[in-house]
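These figures come from a predicted structure and were not determined experimentally. A note on names: the letters A, B, ... follow the listed sequences, proteins ahead of strands, and every chain is numbered from 1.
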Amino acid sequence: MSNEIPSTEKHRQYPFHEIEPKWQRYWEQHQTYRTPNPGDPDFDPSKPKFYVLDMFPYPSGEGLHVGHPEGYTATDIVARYMRKKGYQVLHPMGWDAFGLPAEQYAIKTGQHPRITTERNIQRFRQQLKRLGFCYDWRREIATTDPDYFKWTQWIFLQIYHSYFDEKTQKARPIAELEAQGLSREEIDARRLAYVAEVQVNWCPALGTVLANEEVVDGKSEVGGFPVERRPLRQWMLRITAYAERLANELDGLDWPEGIKRHQREWIGRSEGAEVKFRVKGSGRELLIFTTRPDTLYGATYMVLAPEHPLVEEITTSECRAAVENYRQQVASKSDLERTGLAKEKTGVDTGGRAINPVNGEEIPIWIADYVLMSYGTGAIMAVPAHDERDYEFAKQFGLPIRVVVRPADGSAPPEDAAFCDEGIAVDSPIFEGLPTAEAKKKITEWLEQQGLGRRKVNYKLRDWLFARQRYWGEPFPIVWEQGQHRAVPESELPVLPPELEDFRPTGTPEPPLSKATDWVRYNGARRETNTMPQWAGSCWYYLRFIDPWNRDRFVGQEAERYWMGANGKPGGVDLYVGGTEHAVLHLLYARFWHKVLYDLGYVSTPEPFQKLVNQGLILGEDGQKMSKSRGNVINPDQVIADYGADSLRLFEMFMGPLEQVKPWSMKGVEGVYRFLGRVWRLFRENDRIQDVEATPAQLKLLHETLRKVAADIESMSFNTAISQMMIFVNEFTSADVVPVSALAMFLHCLSPFAPHLAEELYEGLQSRYPRLPPGPVSELPFPDYDPRYLVEEEVEIVLQVNGKVRDRVRVGVNASEEELKSIALGTERIREQVDGKQIRKVIIVPKRLVNIVVG
RNA sequence: GCCCGGGUGGCGAAAUCGGCAGACGCAAAGGACUUAAAAUCCUUUUCCCGGAAACGGGAGUGCGGGUUCAAGUCCCGCCCCGGGCACCA
């Protein structure tokens, strides 16, 4: 076996190196954590269910780091505790295994990504098993398994075969539109999965396009390579159709407020109006979006995005050269340059003029890259007096600034800045003197009556660019014929990727799959050669865990109803734990897919995850982020070899609150390791254990520990649960007589945290005291505490004078306020303080304190 | 710039509703055991002042104000650290 002597050369506190493999073998052989589904012979329908899920990992070549076991230990403790509380617990694990690193490794070495992926999964699985997690490993899935991605492709087809019905705000089958006799074009224009020519984020270094979410500061999130904008025909998912629901339906979820806010911001709902401006000297109209229609009288110019389709037509001949020049400049800019920090506004006049619909005034039309083609209508009315960006631009180019809103409190508007708050409309005849909210309403109604505009809601959220030019991803179940796409029959799923020798990108947006010429040919049609993004597989894995063996359905109906059953709440998974890095992308995408499946009647809840908890990052011992280059990475394998898995688990939980960022400490690991050693000695090297009644003081501590550990697990305050167990052990270690019953009860507390040691100690105890129920202890019910043992007969009361503690007394719990008062005033120390002064007031908090106010 | 999260001993932290600040652990110091060390066990440890000691007094939860009999906790104004967003009209 591996290294027998701890590398620190220290005395081994207890034989964890024997205990841990022993119990891991036991659990495996006895299938202790096998979770039956409805219909299985050992399924107990009377038990309530609890679905506790980890965000499954990408099995990287690096193996596990100490960040992984943080969340996994937390969920494992909850899972083990809930099992002991009589729940049927679903606690699965799998692999988000498609992804770029395996593909890049394949490009470098020629080794097929499937091989490296397999190897990495093996390693991860082995590492996780050594931590003693109570996963039902029979349910293990990998997104790269054809049995799995068959259903990823199938779900894609459901999305493809659906449209969003605005009236009911629900996805409906495309067949309904066909029945209404809509044309192919009309139908394709409404599909939830559609093909469009869009400006994409093309990353030459990665040889793929990226989603907006995968581009950070104009660079790829993965690798930090430059990203260019270029137009490309791409598969898109119409997530924007769900914008409203994705925002609103967050309300019923038990998620951290910050994450909900983040998602709402990402969706970016804003209410306003669309307004038509006539272009002077042409029949054309420019449509703009504004959230401040009440500032319409303050519009002194307009700005179009440089890519706006009407720029060509509007530009006058004198301005054409400058406009062309500017458009080219903008096109060649990367997103980083275009949105870069603190840069000056740029833009040029097109020479075109627009007519302000409220006052018939002529205003110039400019183009500038601070207006984005992808938001709203790609055109704005500029109101420099009341918008910071317009103000800056107007200053830069000497454009007029006209105030049409003044502060409601009568104060003077700022001299050298835009006034962007709400206020009172001025110089605005149609709604003169109205406060902003009413002015907005009035002008919008007016515009609607005149046919010049309407109320409009816009979202920052864009449709989801769903195609990647990669090899190692799910192929689309789509073929092309005569420029039209169609689904392959469901019977042909899964569509397997072709075997390739050469995984290199083509250097063009033509995906690597196009190199597989035989594969591409499909009965006179051509297969789609793009693949799905890595997010696809993680959009629904929590559903497959429920019924991973099902060959007929992505998840069996009965099993889905049972495990996702939400008791009136929207979300099905009872507890979902993972890092904040998935605050928007994964969680938004998964919610979107789930809602489509819900609308189509395939799943029973509108939301996937009811309660979400984010674990905090673990830093290196130096307080810096762990990284190879800093050399501060902690290897969990080494920690397990030196101190055992139970110590690793315990320390991960003892470090501090789960959600908090916190630094690693090897000394801290030793601390909890010593604690486990003390536990071992309390049970094993102790001749004071007797089969006797516990003393009242012992009973009180025992039941307080049962109470606190249970409550702390339920509130996920694992660090304080561990403190309480330490207090218990310290106390019982110094006891003259240690009652067996108390020790046995204690092991129920320890078992979720340090399951191996708890099993071993319980087994030993039970064999000596056969009266104890046979184990394993992890399968025995968690004892309820008895409040009778917690009642105190006496409490210590703090005596304060003017808020300062001057004395303390022990009194009976039921002492009346009058008694407390006279006791307090009777003690010597208080008399010294109070003598000769006037008592103004006496505050009495029963069971806590008496505060005497003198003056 | 905006939005979050955080600031408590030498360190990680704890402290239901405003009611004994520092539980528990680490580190450090002293002691017991040992030929010695490791391990273990016991004791001390927020700071300042007085005291041989028991103990007593004062200050103290980033800073400055406020509310209150009482503030780590509530309110107002700042400072610092970490993270996220960043022309979305």
[atom1] atoms of [N] and [M], separation to the nearest Å:
N      : M      : atom1 : answer
B:rC20 : B:rA70 : C1'   : 12 Å
B:rC42 : B:rU67 : P     : 49 Å
B:rC76 : B:rA71 : C1'   : 15 Å
B:rC11 : B:rG1  : P     : 30 Å
B:rC75 : B:rG18 : C1'   : 13 Å
B:rU8  : B:rU61 : C1'   : 4 Å
B:rU43 : B:rC79 : P     : 47 Å
B:rG58 : B:rC4  : C1'   : 40 Å

Using the ring of each side chain (for Trp, its six-membered ring), is A:Tyr370 parallel, tilted or perpendicular to A:Phe393, with breaks at 30° and 60°?
->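 Tilted: the ring planes of A:Tyr370 and A:Phe393 meet at 30° to 60°.
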
Charged N to carboxylate O under 4.0 angstrom, A:Glu257 versus A:Lys260?
->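 Yes, this pair counts.
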
Please determine if A:Glu271 and A:Arg455 form a salt bridge, counting it only when a charged side-chain N lies under 4.0 Å from a carboxylate O.
->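 Salt bridge between A:Glu271 and A:Arg455, a charged N being under 4.0 Å from a carboxylate O: yes.
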
More 5' along RNA chain B: A:Arg261 or A:Arg681, using each one's nearest nucleotide?
->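 The answer here is A:Arg261.
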
Tell me which of A:Arg829 and A:Ser270 sits closer to the 5' end of RNA chain B, going by the nucleotide each one is nearest to.
->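 Going by which nucleotide is closer to the 5' end, it is A:Arg829.
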
Hey, does [X] reach any base, or is it just sugar-phosphate, or nothing, if we go heavy atoms under 4.0 Å?
X        : answer
A:Ser665 : nothing
A:Gly668 : nothing
A:Arg264 : nothing
A:Thr733 : nothing

Considering residues, nucleotides and ligands other than A:Glu828, do more than 12 of their heavy atoms fall under 6.0 Å from its CD?
->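 Counting other residues, nucleotides and ligands, CD of A:Glu828 stays at 12 neighbours or fewer.
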
Using a cut-off of 6.0 Å, state whether more than 12 heavy atoms not belonging to A:Arg848 lie near its atom CZ.
->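 Counting other residues, nucleotides and ligands, CZ of A:Arg848 stays at 12 neighbours or fewer.
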
Return the value, rounded to whole Å, for the distance between atom [atom1] of [X] and atom [atom2] of [N].
X        : N     : atom1 : atom2 : answer
A:Asn614 : B:rG6 : CG    : P     : 13 Å
A:Glu581 : B:rC4 : CD    : P     : 21 Å
A:Ile259 : B:rG5 : CD1   : C1'   : 11 Å
A:Trp255 : B:rC4 : CH2   : P     : 19 Å

Pair listing, salt bridge (charged side-chain N to carboxylate O under 4.0 Å, His left out) test, anchored in residues 656-666 of chain A, at least two apart |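 Sorted result for residues 656-666 of chain A: A:Glu70-A:Lys662.
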
Would you please indicate if the ring centroids of A:Phe16 and A:Trp680 are separated by under 6.0 Å?
->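 Distance test on ring centres: not under 6.0 Å, no.
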
Centroid separation A:Phe728 to A:Phe746 less than 6.0 Å |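 Yes, the ring of A:Phe728 comes within the 6.0 Å limit of the ring of A:Phe746, centre to centre.
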
Mind telling me whether B:rG9 is syn or anti, cutoff 90° either side of 0?
->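 With its glycosidic angle within 90° of zero, B:rG9 counts as syn.
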
With syn defined as a glycosidic angle within 90° of 0 and anti as everything else, classify B:rC63.
->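 B:rC63: anti glycosidic orientation.
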
Go through B:rA59, B:rA27, B:rA89 for me and flag the one nearest to the A:Lys667 side chain.
->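 So the nucleotide nearest the side chain must be B:rA27.
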
Report yes if a side-chain nitrogen or oxygen of A:Arg806 is closer than 4.0 Å to either non-bridging phosphate oxygen (OP1 or OP2) of B:rG57; otherwise report no.
->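 Yes, within the criterion.
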
Is there a side-chain polar atom (N or O) of A:Gln13 under 4.0 Å from OP1 or OP2 of B:rU40?
->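 Answer is yes, contact under 4.0 Å.
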
Whether [X] side chain and [Y] backbone form a donor-acceptor pair below 3.5 Å:
X        : Y        : answer
A:Arg829 : A:Leu799 : no
A:Asp463 : A:Thr240 : yes
A:Arg688 : A:Thr733 : yes

In residues 453-460 of chain A, which residues come under 4.0 Å of RNA chain B by heavy atom?
->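 A:Lys460 - these, ordered by number, are the residues of the stretch whose heavy atoms sit under 4.0 Å from the strand.
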
Nucleotide pairing, RNA chain B (Watson-Crick or G-U, distances under 3.5 Å), in dot-bracket with [ ] and | = (((((((..(((......[....))).(((((.......))))).(((((....)))))..(((((..]....))))))))))))....

By salt bridge (charged side-chain N to carboxylate O under 4.0 Å, His left out) - contacts of A:Asp807 (at least two apart) =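 Scan of A:Asp807 (salt bridge (charged side-chain N to carboxylate O under 4.0 Å, His left out), adjacent residues dropped) gives none.
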
Can you check each nucleotide of nucleotides 12-24 of chain B against protein heavy atoms at under 4.0 Å and return B for base, S for sugar-phosphate only, - for none, in 5' to 3' order?
-> BSS----BB--BB

Sequence neighbours excluded and cut-off under 3.5 Å, please list the side-chain donor-acceptor pairs for residues 286-298 of chain A, or say none.
{"residue": "A:Thr290", "atom": "OG1", "partner": "A:Arg292", "partner atom": "N", "Å": "2.9"}
{"residue": "A:Arg292", "atom": "NE", "partner": "A:Asp294", "partner atom": "OD1", "Å": "2.9"}
{"residue": "A:Arg292", "atom": "NE", "partner": "A:Asp294", "partner atom": "OD2", "Å": "3.4"}
{"residue": "A:Arg292", "atom": "NH1", "partner": "A:Cys420", "partner atom": "O", "Å": "3.1"}
{"residue": "A:Arg292", "atom": "NH2", "partner": "A:Asp294", "partner atom": "OD2", "Å": "3.1"}
{"residue": "A:Thr295", "atom": "OG1", "partner": "A:Arg292", "partner atom": "O", "Å": "2.7"}
{"residue": "A:Tyr297", "atom": "OH", "partner": "A:Ile430", "partner atom": "N", "Å": "3.3"}

